[in-house]
Amino acid sequence: MGAKTALLVFADGDAAGALRDAAEFDRVATTELVARLLPGLELVAIEDGSLERNVNPSNGLLYAGVFRGLTIICAAELGEIQPCFVRPGWLAEGAGRRVVLHSMHSASDFLAFAVWGEDGSLERSLCVSPDQGIVEDRGDRLPFELAYWAGRHPVDDDDEDEEPYPLPFHPLELGEDALAALCGFVVEGWPPDGMPDVARVPLAGFRLRAPTVTLERSHGRPIAQPSPLDVGSQVGQLGAGLDFLILDMGGENYLQAAAGGRSDIPAGIFRVERREGDSDLHFRCDVESLEDVAEIFRGYLANQDGWGDREWKQVWV
């Protein structure tokens with residue numbers, strides 16, 4: 001199996017302490033949570049799992065549990081994810097609580113973890129892998145990290161002919177210490193004192209049907225079944241990190257927007273286009289503000305409306 005995680009935790013205070021008491025989840029609240037995470041997506045309940053077995057679910061599966069003082073989400077889309085790309089709609093579910101992301105994969109030596117405070121502000125995030133190096137490193141380093149950055153956990157290289165390991169430590173070793181410090185348990189490392197029995201932490205299982213809408217973006221993986229908050233957040237990054245967005249309803253039905261200053265789009269303009277299936281039903285309008293783009297996207301996501309009081313021109317592409 002290897003050391004792999006795809007985990008998001010919301011906790012009232014200490015996650016490890018809450019995990020020790022997480023013997024039974026609220027099934028109704030858990031089902032409602034998952035429906036909010038993936039609005040409009042058909043969900044099929046499957047056999048319950050556990051935090052031990054399902055901390056890194058396969059594609060198309062999601063495990064979750066709402067407990068007293070604790071919420072756990074394990075989903076494939078959290079695997080090998082950069083913290084800055086976690087859905088805003090998912091983070092919003094942890095409002096007023098401490099939020100922890102832990103994503104680790106032994107096949108690629110990938111590690112990402114992050115902590116958000118009760119006010120939603122990012123306190124610490126790190127994303128590293130030997131292939132990409134240090135991808136994200138924000139906030140003050142946490143106590144369990146310091147020895148690694150000080151070079152006290154070098155990677156042993158038994159083969160002198162091989163290139164030295166490209167990082168000053170092994171991400172999986174740090175990953176286990178991060179998981180122990182932030183959540184109180186490990187996958188394959190040395191168990192910390194008082195480690196909760198994660199085999200006894202139950203989680204509800206869900207099979208995810210094919211999405212009916214997908215938000216594609218110039219940077220980052222596509223977001224399946226995005227919420228209005230997810231869409232609004234991504235629209236806000238157009239021209240400041242994102243070059244374009246496509247809200248794809250399938251069957252050649254989509255809405256897309258691109259920031260100006262590139263290609264043939266004038267600077268200071270956002271070009272919005274929508275396609276209604278056939279090539280002769282492709283329309284375009286240019287707007288001057290992100291709020292205009294957001295209004296169009298909100299209407300389109302809600303009911304494929306969003307035309308608004310704007311001048312749309314038919315184009316052939």
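In this chain, numbering begins with 1 at the start of the sequence shown. Since this is a predicted model, take the numbers as computed values, not measurements.
Side-chain heavy atoms closer than 4.5 Å link hydrophobic residues (I, L, V, M, F, W, Y) into clusters, and following such links, possibly through other members, connects Val9 to Val186. Criterion: ILVMFWY side-chain heavy atoms under 4.5 Å apart, direct or through other members. Under it, Leu7 and Leu91 are not part of a common hydrophobic cluster. Note: the hydrophobic cluster containing Val231 does not contain Leu229 (ILVMFWY, side chain heavy atoms under 4.5 Å, direct or indirect links). Under a hydrophobic-cluster definition in which Ile, Leu, Val, Met, Phe, Trp and Tyr are linked whenever side-chain heavy atoms come within less than 4.5 Å, directly or via other members, Leu19 and Leu179 are assigned to the same cluster. Clustering ILVMFWY residues whenever any of their side-chain heavy atoms sit less than 4.5 angstrom apart, transitively, puts Trp116 in the very cluster that holds Leu33.
No side-chain heavy atom of Val272 sits under 4.5 Å from any side-chain heavy atom of Arg284. Using a 4.5 Å heavy-atom threshold, the side chains of Leu203 and Phe25 count as separate. Considering only heavy atoms from C-beta on, Arg68 stays 4.5 Å or farther from Asp21 through its side chain. For the pair Val28/Glu32, a side-chain contact is recorded, criterion being any heavy-atom separation below 4.5 Å from C-beta on. Side-chain contact check for Leu167 versus Asp109: every heavy-atom pair is 4.5 Å or farther apart. Side-chain contact between Ser50 and Val201 is absent, with no heavy atoms from C-beta onward closer than 4.5 Å. Residues Cys127 and Phe110 meet the side-chain proximity criterion, which asks for heavy atoms closer than 4.5 Å. Taking 4.5 Å as the limit, every side-chain heavy atom of Leu61 sits out of range of all side-chain heavy atoms of Leu208.
The environment of CD in Glu24 is sparse: at most 12 heavy-atom neighbours from other residues, nucleotides or ligands sit within 6.0 Å. By the neighbour-count criterion of 12 heavy atoms within 6.0 Å, atom CZ of Arg207 is sparsely surrounded, having that number or fewer from other residues, nucleotides or ligands. Atom CD of Glu276 is surrounded by more than 12 heavy atoms from other residues, nucleotides or ligands within 6.0 Å. Residue Asp119 qualifies as enclosed at atom CG: its count of foreign heavy atoms under 6.0 Å is above 12. A 6.0 Å sphere centred on CZ of Arg200 holds no more than 12 heavy atoms belonging to other residues, nucleotides or ligands. Counting non-hydrogen atoms of other residues, nucleotides and ligands closer than 6.0 Å to CD of Gln314 gives a total above 12. Annotation for Asp280: atom CG counts as buried by contact number, over 12 foreign heavy atoms lying within 6.0 Å.
Looking only at atom types and distance, the side chain of Gln225 has a donor-acceptor partner in the side chain of Thr212 under 3.5 Å away. Checking Asp230 against Ser227 by side-chain atom types alone, a donor-acceptor pair falls below 3.5 Å. A donor-acceptor contact under 3.5 angstrom links the side chains of His282 and Glu273, judged on distance only. In the model, Ser103 has no side-chain atom that pairs as donor or acceptor with a side-chain atom of Glu80 under 3.5 Å. At a cut-off of 3.5 Å, with distance as the only test, no side-chain donor of Asp131 or Ser129 sits close to an acceptor on the other residue.
Between the OG1 atom in Thr5 and the CE atom in Met104 there is a gap of 4.5 Å [rounded to 0.5 Å]. To the nearest 0.5 Å, atoms CG (Leu78) and CH2 (Trp90) are separated by 5.0 Å. Atom NZ of Lys4 sits about 9.0 Å away from atom OG of Ser108, to the nearest 0.5 Å. Atom CG of Leu111 and atom OG of Ser106 lie 12.0 Å apart (nearest 0.5 Å). One finds the CZ atom of Arg298 at 13.0 Å from the CG atom of Asn303 (value rounded to the nearest 0.5 Å). A distance of 6.0 Å separates CD in Glu145 from CG in Leu174, rounded to the nearest 0.5 Å.
No salt bridge links Asp243 with Arg217; every basic N to acidic carboxylate O contact stays at or beyond 4.0 Å. Salt-bridge annotation for Glu93 and Arg36: present, with a side-chain N of the basic residue lying under 4.0 Å from a carboxylate O of the acidic one. Ion pair Asp48/Arg27 flagged as a salt bridge, since at least one NZ, NE, NH1 or NH2 atom sits closer than 4.0 Å to an Asp/Glu carboxylate oxygen. Ion pair Arg124/Asp137 flagged as a salt bridge, since at least one NZ, NE, NH1 or NH2 atom sits closer than 4.0 Å to an Asp/Glu carboxylate oxygen.
Scanning both residues, Leu238 and Ala259, for their nearest heavy atoms gives C-CB, 4.3 Å. Listed here is the closest heavy atom pair of Glu136 and Ser125: OE2-OG, 2.9 Å. Contact record, Cys183 with Val100: SG-CG1, 4.0 Å, taken as the closest heavy-atom pair. In terms of heavy-atom proximity, Glu52 sits nearest to Ala199 at OE1-CB, 3.3 Å. Minimum heavy-atom separation, Ala22 to Phe67: CB-CD2, 3.6 Å. Closest approach of Thr30 to Ala204, counting heavy atoms only: CG2-CB, 4.0 Å.
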task: Kindly determine whether Phe144 and Phe113 satisfy ring-ring contact (aromatic ring centres under 6.0 Å, His included), including the steps that lead there.
output: CA-CA 13 Å; Phe144 63 82; Phe113 66 82; 5.6 Å; yes

Worked check of side chain to side chain contact (heavy atoms under 4.5 Å, CB included) between Arg271 and Asp264: CA-CA 10 Å; Arg271 176 155 294 168; Asp264 61 339; 3.6 Å; yes

message: Applying salt bridge (Lys or Arg N to Asp or Glu O under 4.0 Å) to Arg310 and Glu295, what does each step give before you reach the verdict?
response: CA-CA 11 Å; Arg310 297 177 178 86; Glu295 182 181 345; 3.2 Å; yes

task: Carefully, step by step, assess Leu247 and Tyr254 under the rule side chain to side chain contact (heavy atoms under 4.5 Å, CB included).
output: CA-CA 6 Å; Leu247 197 55; Tyr254 59 83; over 6 Å; no

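Checked options Leu51, Leu8, Asn56; the residue passing with Cys74 is Leu51 (criterion: side-chain contact (heavy atoms from CB on, under 4.5 Å)). With Leu215 as the partner, the side-chain contact (heavy atoms from CB on, under 4.5 Å) test is satisfied by one option alone out of Asp248, Ile246, Ile223: Ile223.
No donor-acceptor pair closer than 3.5 Å links the side chain of Asp278 to the backbone N or O of Leu281. Proximity of a side-chain donor or acceptor of Asn54 to a complementary backbone N or O of Pro57 within less than 3.5 Å is not detected. Between the His219 side chain and the Gly241 main chain, a donor and an acceptor come within less than 3.5 Å of each other. Using a distance-only test at 3.5 Å, with no hydrogens or angles considered, no donor-acceptor pair links the side chain of Asn253 to the main chain of Met249. No donor-acceptor pair under 3.5 Å is formed between the side chain of Arg275 and the backbone N or O of Gln256.
The ring pair (Phe, Tyr, Trp, His ring centres under 6.0 Å) analysis of residues 163-193, with sequence neighbours excluded, yields the pairs Tyr148-Phe169, Trp149-Phe169, Tyr165-His170.
Every residue two or more places apart in sequence or in another chain was checked for a ring pair (Phe, Tyr, Trp, His ring centres under 6.0 Å) with Phe85, and none qualifies. Annotation: side-chain hydrogen bond (donor to acceptor under 3.5 Å, both in side chains) contacts of Gln132 (sequence neighbours excluded): none.
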